[in-house]
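Taking it in order: structure first as structure tokens, then the write-up.
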Amino acid sequence: MWRPCGTFDDTYEKDISIVRTPAQWSITVAGLAVLAVLPLFASGYFMTTVNLIAISIISAQGLGILTGLTGQISLGQGAFMGVGAYTLMMLMNYLGFSFWLALPCAMVSAGIIGLIFGLPSLRIKGFYLAMATLSAQFIIPWVITNVRPDLTGGTSTINIQYPSLFGLDLSKQSSMYYVIIFFTIAILYLTRNLARSKIGRAFVAIRDNDLAAEIMGLEVFRYKLLSFTICSMYAGLAGSLWVLWVGAVNVDSFTLHESIWFLGMIIVGGLGSIPGVCFGVIFIRVLELFVQQISPPIAALFPDAIGAAIKSGLSPFTFGLVILLFLIYEPRGLAHRWEIVKHFYRRWPFSY
Amino acid sequence: AEKPASLSIALLGDLTGPYASVVGPMAPGAEDAVQYVNEELGGIDGVKLKLHVRDCTGKAALGLQQYAELIGSTPKPLFFGVPHTPTAEALREKIIRDDVIGFFPGSVPDLYPQGNSYSFYALYAEQSAVFIRWLRANWKEKRNPRVAIITWDQAYGRAMLTPEFFDYCKKMKVDIVAQELFGVRDLDLTTHMVRIRSKNPDWVIANNTGSGPLAILRAAKELGMKIKFANNVGGDWGTIRLDPELFEDSISVMHMASFDNTDHPGIKKVFSYLKKNKRGIKEQTAFYVLGWQYVLMIHKTVSDAVAKVGWDKLNTAAIKSEMNNLTNWEPLDGVVKITYTDKVRHSHWLRIYKIKGGKLVPPGGKLGGSEFVEAPDLTPLKFR
Amino acid sequence: MTAEDQTKLKVEDLNLSFGSVQALMDVSFEVNGDEILALIGPNGAGKTSLLNCVSGFYHAQRGRVSFEGHDISRFSPSKRAKLGISRTFQNIELYTGLTALDNLMAARHVYIKYGPVAGSFFFGKARREEVENRKVVEEIIDLLEMEEVRYRVVESLPYGLRKRVDMGRALALHPKLLLLDEPMAGMNVEEKEDMARFILDIHELWKIPIIIVEHDMGVVMDICHRVVVLDFGLKLAEGTPAEIKQNEKVIQAYLGKE
Amino acid sequence: MLTMQFLVTGILTGGIYALVAVSIVLIYKATRIFNFAVGEMLALGGYFCYSFVVWGGLPLWISLPGALVMAVIVGALVERLVLRPLLSQPLLTIIMATLALSVLLKGIMLMVWTGYDVGFPKNLLPGKTVLVGMIAMSHELLWAFGITLVAFAGLAYFFMKTRTGLKMRGVSEDHELSMACGVNIVTIFAVTWMLAAVMGTLAGFLMGYRLALAPSYTPLLALKAFPAVIFGGLESIPGALIGGLLIGVIEGLVGGLIDPNLGEVSAYILLLLVLIFKPEGLFGLKRIERV
Amino acid sequence: MVREVVDILAVNQIEVFYHNVIQVLKGVSLEVREKQIVSLLGANGAGKTTTLKAISGLLKAEAGMVTDGDIVFMDKRIDRDLAHKIAKMGIIQVLEGRPVFQHLTAEENLRMGFIGSGGEKDIQKHLELVYGLFPRLRSLKNRTSGFLSGGEQQMMVIGRALLSSPKVMLLDEPSLGLAPLLIQGIFKIIKQINEERKTALLLVEQNALAALEIADYCYVMENGRVVMDGPADQLKENEDIKEFYLGLSKVGSRKSYKDVKHYKRRKRWLS
Ligand SMILES: Nc1ncnc2c1ncn2[C@@H]1O[C@H](COP(=O)(O)OP(=O)(O)OP(=O)(O)O)[C@@H](O)[C@H]1O
Ligand SMILES: Nc1ncnc2c1ncn2[C@@H]1O[C@H](COP(=O)(O)OP(=O)(O)OP(=O)(O)O)[C@@H](O)[C@H]1O
Ligand SMILES: [Mg+2]
Ligand SMILES: [Mg+2]
């Protein structure tokens, strides 16, 4: 842990606070200010993307806690988002719940479902556990499509009735943005605290050495379940926001593919790092858009017949390739790069 | 009044990804049609069409982002063509809210087109109903015909299973004896077919495309079952060519003239573009023609609207009123036939085919000619 | 009752087997007052297994373990830790991804009471508890002279320092009984001296009984009050270091002739 | 009677699942990597075979070995270009790389074979449906099953009788230690990936032949293999076979007798139960827990 | 630098970094001659293991790199070679902490060590040799190695290295965690290996007394540097070695661990 040169802590209280120096305070305030005025300048397209990224960050932070901190691989994050999404939709559409009431319910229901799929973690680890959570990805959509299709809409899409929040027109991305970004910042703050609290240490202890953790007085299983619950509550929150963001809900949005990519995002970002998770989400989401944007013009450079083939395959090809290259050249994730930059800044003006 | 430099229209959908083989050809179709409009018809009153194609690869989130991009661009596209899939479903509300015309798959009952949106063709239930009507008309035996349904377990596959359809079958005295659903990636349908076999149906109908019908027929063949098979638009060229022998004598209900009908002037025109732009056999599907239909519809309605109100007053409302006035409109000399009204946003005109030697030909019998027929109206109750 | 005649830990007729391997056979012994007890024996004698039975990682097929008069045979490891049994590990089982400080803080777990919600907000009680426990941990860091490595991730620490962190973690639990599994393995004499001094300091400061498994006879003879010798699951001998040193059986099975 | 039919079909289909499962197991055994690209690799193999047959007009007995050779090359390339540069990296990073690889391969397939379905010409495999009483056994599935058995016998020989087999087992436990023992882990990895690619290609061909090939759904076959792999245990090759068959049977029986919709889900529900009661699968290695 | 012909392994002024940032070795040189036992002493974290790994090529697997200097084995430079190549040439490292292939049986573990190209017969021959040295292993050969006790694992690990008939064996703390009787045994066997099989040994040890007893030559490392070297007999007489590594007080008798002062004299060469 390095602080800017010349900064010392004289009390333990100071040592454990997040924002320490005046410089850090001003950066934080400036950052928040930029976020607050962003919609005034940005296009709807940009805001849509920002919203998606912010929602994904929430979900990915949840997975970050479970996989990055606690070391339990989960391939069910998408499905847990789906649980949140459908709960919110049903509570609001059929029971007329207000958003503020439906949201915690959605989080809790996702949390409970996550907890259930976390139960096998009592005895299994690693990829066996990943597969147990994978089953969530099959069982949950099955339940959504088959058990009460009259409520969930089965395989088809159901529209959500937009709630009114503080008079914001939530069908507009720029208004939606304030709701989403509020939760994202809150989640980041809470996650940061959780990670450095007793709970966070327990999680990492379990990740690094669950046997020793048990012997050192940690109820390992309880904490694993707690981790699963928190993770899927985050997913539930993200899923709820997702419904508002899209305005509709369909099982196809919460596929295994999504879940695997959430895992991908936190790996690219750097496991166990909160800013890393954010970077990972941004990296993947932006790259996704970027390759979509550049492939048509590139395909246009080729003669017609080849061009058509290239058009369809180029964006996945580029996407895969960029990530591979990234992994090969930055295998420790974006968080590592970030640490290096921070390290450099903190040592400044004295270099190595 | 001042003419715009060009007229933007958009096509947005899952051109690659799980639905590629179905909806993918719509993009080349629209591209070719835009070329046709711009080069042969001189655009709309001299204004060229500009087509923006976006591929959402099967992800609703990406679709939403791309929609936001397109709707925010200037000039704003006046039309949004969105072929099928959950992406389309998710975008529907947004497009209806925004002041543009949406060209949509309205064939899934819950997504019946509303507001400024229009559907591609008849509802899937109606397509099946056309078959049922044909079957009944040509049924010789005393007892009721027995029909089994087997279809994909997702929105598209299930779209034919509406209460209106079942009512219609009852009314027509056709017994639905089995109803099986299967997954898109199921390797083996023997199980389903065995269950169907035990119900002893005369016909098996589906609302599938691509590998779906193929898997059904292959499983039947393996079990040594002789089944008569009927399918909706999905049973078009793109599917049949995967294994023409297997499809022999199947029935297919579609909204367009067949690619086999090479004497048809419209089909000829389409083929000249397929050839010119080096499209392969894979593009010869209903959705390629749908691309044409979309662009030609824009050409027609915008031209009419401009003629009426002029370029400066051209707006969505003006175009919409033209759309609602399309009656028995037959672009490309009748490759398709369209009627939209204020209330009914899907066209009822369909044709029924039989597959003979890998070709789509009229099945003969009563109501089995080569003309477009009007499907029974099975518009979902709540949208009437 | 004085500290001397008080039985802290009582192990009775412990039997433990893994399939055909009998790791412990009717082993009984006691730890009284605040003595330092050495557990020695050849490799594979069952010393670690015995510690595992005491700390709850293994459950013996037969026999009883009682701590401060209570039968704890059926208790889970974490529950025993809460009762005050704490240990180090032969192969250093640290939380490799945490800093040395956090390794110690993690061991304070049983003393920290706030829950996940308070933890997420990190106000008031949570913060206060963190600071209090941090003070305790800092004392241990001070005691073991680990100030330098406080913020180092233990993964990158050399072997010797990791052993020290392992010891620190065991101490952070403020145990009533400390089990040390080969605390000095892989150290040179100088480092062993440091370690011996730490152990003696702890013993002196906290007045707690300590069980040490150790192969270095020099250390055992110098700092332990009593020695228990195991040999392939059986208790071979028990006595003061001086007695053990002379015991023929022990020499033959374990010590060898110098 | 129906039950028998469902059982037989289940077993036969399970053979194909087993091939995919063993492709996953092989790589996991040697490298602890869970290969997320398995679906795409098998689809690619199927496409190779398709190209030889349809584009090259070659008979199957040349095309299939040809495709296997191509698969071996792909396996080797994957190892060389993706895994080797990532050698001493954290496991999850490498697993992520296989995920990226799957997207990349999908891109390649889209470029070369487009997104449309393609089918093999029929009658490549001789024979026709065998009817035993009312029970039909498709000759395609019988072939598939035969190919599966042969492939597994070959693998069993390889692991039991060759030193490379032992080395693979060693490498799977500890890379550094294996290197210290003079094992060229890079070669072992390459061999593993090649073997896995071969198994995948067989599955890809059989799947493509039965249904059709498309970059969008052929890779999904892998999803059937996941529960099979866990049933059998991630490290066990016989487990993969049995797991595959088991999944086939469960799907067949539950799908046939109860509800076809339940087929796939039932496999996963059962998987959950197995994991709770037998955490290492039926044949997987027990984790050694010592402190 | 004039190199004598009898050197089979020479490390010349190597510098080693982990992750390109942490410098661990700051110019280390040492030589191992034919049939010689060389021991390497040093405090925890001095870089002994790192030195061995640099030689055996295992550093690369840990994101470590030799950035300067070179390592020469039988007149061939090997610091760029991969670990398995180096092993094939005849340098085998026995890793610290006796890592085993947990799920393999003891005999399978031994077999993993076989590098040569010979068939089953050859392996059997080597196995017999190892069982000859460690009779206990024979009775354990079908046991899952993960469950063996520390000492048993240590024997197995040394045996495993022997299976490849190395020219140079790099032993990293072979006596760690072993009972006194076994330590005597292990050192005897090390000596035996050296004498019978003419294997040169580079031995990292904390048990300086035993190491100096069997070694011909000795290096002492501190903080990534070699701070002292010389023939073993000579070093045994050195005051500092006596105090810090052998635990002898000035007078020559062993001092008690009980009497260690809180503020001790620190090593002279430190910093
Ligand atoms: N989990 C286990 N499963 C099977 N056998 C075990 C297990 N743990 C220990 N053993 C066996 O029990 C015996 C005693 O082992 P233990 O680790 O207690 O020995 P030890 O006295 O600590 O030896 P060392 O001094 O080498 O550490 C050994 O033979 C070992 O193989
Ligand atoms: N993989 C690694 N990454 C970063 N630093 C490392 C790594 N391995 C070792 N180090 C550092 O290198 C230094 C030397 O370590 P090394 O293991 O070579 O010491 P040693 O002399 O073998 O010590 P010991 O006697 O404790 O085994 C230590 O400070 C250690 O922290
Ligand atoms: Mg032990
Ligand atoms: Mg070392």
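So that the names make sense, note that chain A is the first sequence line, chain B the second, and so on, each numbered from 1.
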Quiz item: Side chain, backbone, both or neither: which part of A:L271 has an atom under 4.5 Å from a heavy atom of chain D?
Solution: side chain

Quiz item: With chain D, which of A:P120, A:A136, A:P331 has the greatest number of heavy-atom pairs at distances under 4.5 Å?
Solution: A:P331

Quiz prompt | Heavy-atom proximity to chain A below 4.5 Å, by part of D:L86 | solution = side chain

Quiz item: In terms of ring plane angle, is the pair D:Y268 and A:F138 parallel, tilted or perpendicular, where the classes change at 30° and 60°?
Solution: parallel

Exercise. Calculate, to the nearest 0.5 Å, the distance between atoms CG and CG belonging to D:L272 and A:L134 respectively.
Key: 9.5 Å

Practice problem: Tell me, for A:I116 versus chain D, whether the close heavy atoms (under 4.5 Å) come from the side chain, the backbone, both or neither. | Solution: neither

Quiz item: Hey, which of D:L105, D:I94, D:L262 has the most heavy atom pairs under 4.5 Å with chain A?
Solution: D:L262

Practice problem: Select one option (side chain, backbone, both, neither) describing which atoms of A:L325 are under 4.5 Å from chain D's heavy atoms. | Solution: neither

Exercise. Could you look at D:L92 and say if it's the side chain, the backbone, both or neither that has a heavy atom under 4.5 Å from chain A?
Key: both

Quiz prompt | Side chain, backbone, both or neither of A:Y329 within contact of chain D (heavy atoms, under 4.5 Å) | solution = neither

Quiz prompt | Engaged part of A:I73 at the chain D interface, taking heavy atoms whose separation is under 4.5 Å | solution = side chain

Quiz prompt | Value rounded to 0.5 Å, distance of CD1 in A:I328 from CG in D:L81 | solution = 8.0 Å

Quiz prompt | Candidate pair D:F226 and A:Q137, rule side-chain contact (heavy atoms from CB on, under 4.5 Å), full reasoning | solution = CA-CA 12 Å; D:F226 288 173; A:Q137 205 53 258; over 6 Å; no

Quiz item: Atom CG of D:L104 and atom CZ of A:F319: how far apart are they, to the nearest 0.5 Å?
Solution: 11.5 Å

Quiz item: With a 4.5 Å limit on heavy-atom distance, are the side chains of A:I260 and D:L99 in contact?
Solution: yes

Quiz item: So which heavy atom on A:P316 is nearest to which on D:L110, and how close?
Solution: CG-CD1, 3.8 Å

Quiz prompt | Non-hydrogen side-chain atoms of D:I95 and A:F127 separated by less than 4.5 Å | solution = yes

Quiz prompt | Side chain, backbone, both or neither of A:I267 within contact of chain D (heavy atoms, under 4.5 Å) | solution = side chain

Quiz item: In terms of heavy-atom pairs under 4.5 Å, which option from D:T114, D:I269, D:L234 contacts chain A the most?
Solution: D:L234

Practice problem: Would you check, one step at a time, whether the test side-chain contact (heavy atoms from CB on, under 4.5 Å) holds for A:I323 with D:V103? | Solution: CA-CA 10 Å; A:I323 294 184; D:V103 185; over 6 Å; no

Quiz item: Among D:V274, D:I230, D:L271, whose side-chain contact (heavy atoms from CB on, under 4.5 Å) with A:Y128 holds?
Solution: D:I230

Self-check item: Distance (rounded to the nearest 0.5 Å) between A:L324 CG and D:L101 CG
Solution: 6.0 Å

Quiz prompt | Selection from D:P85, D:S102, D:G107 maximising heavy-atom pairs under 4.5 Å formed with chain A | solution = D:G107

Exercise. Could you tell me which portion of A:L122 (side chain, backbone, both or neither) has an atom closer than 4.5 angstrom to a non-hydrogen atom of chain D?
Key: neither

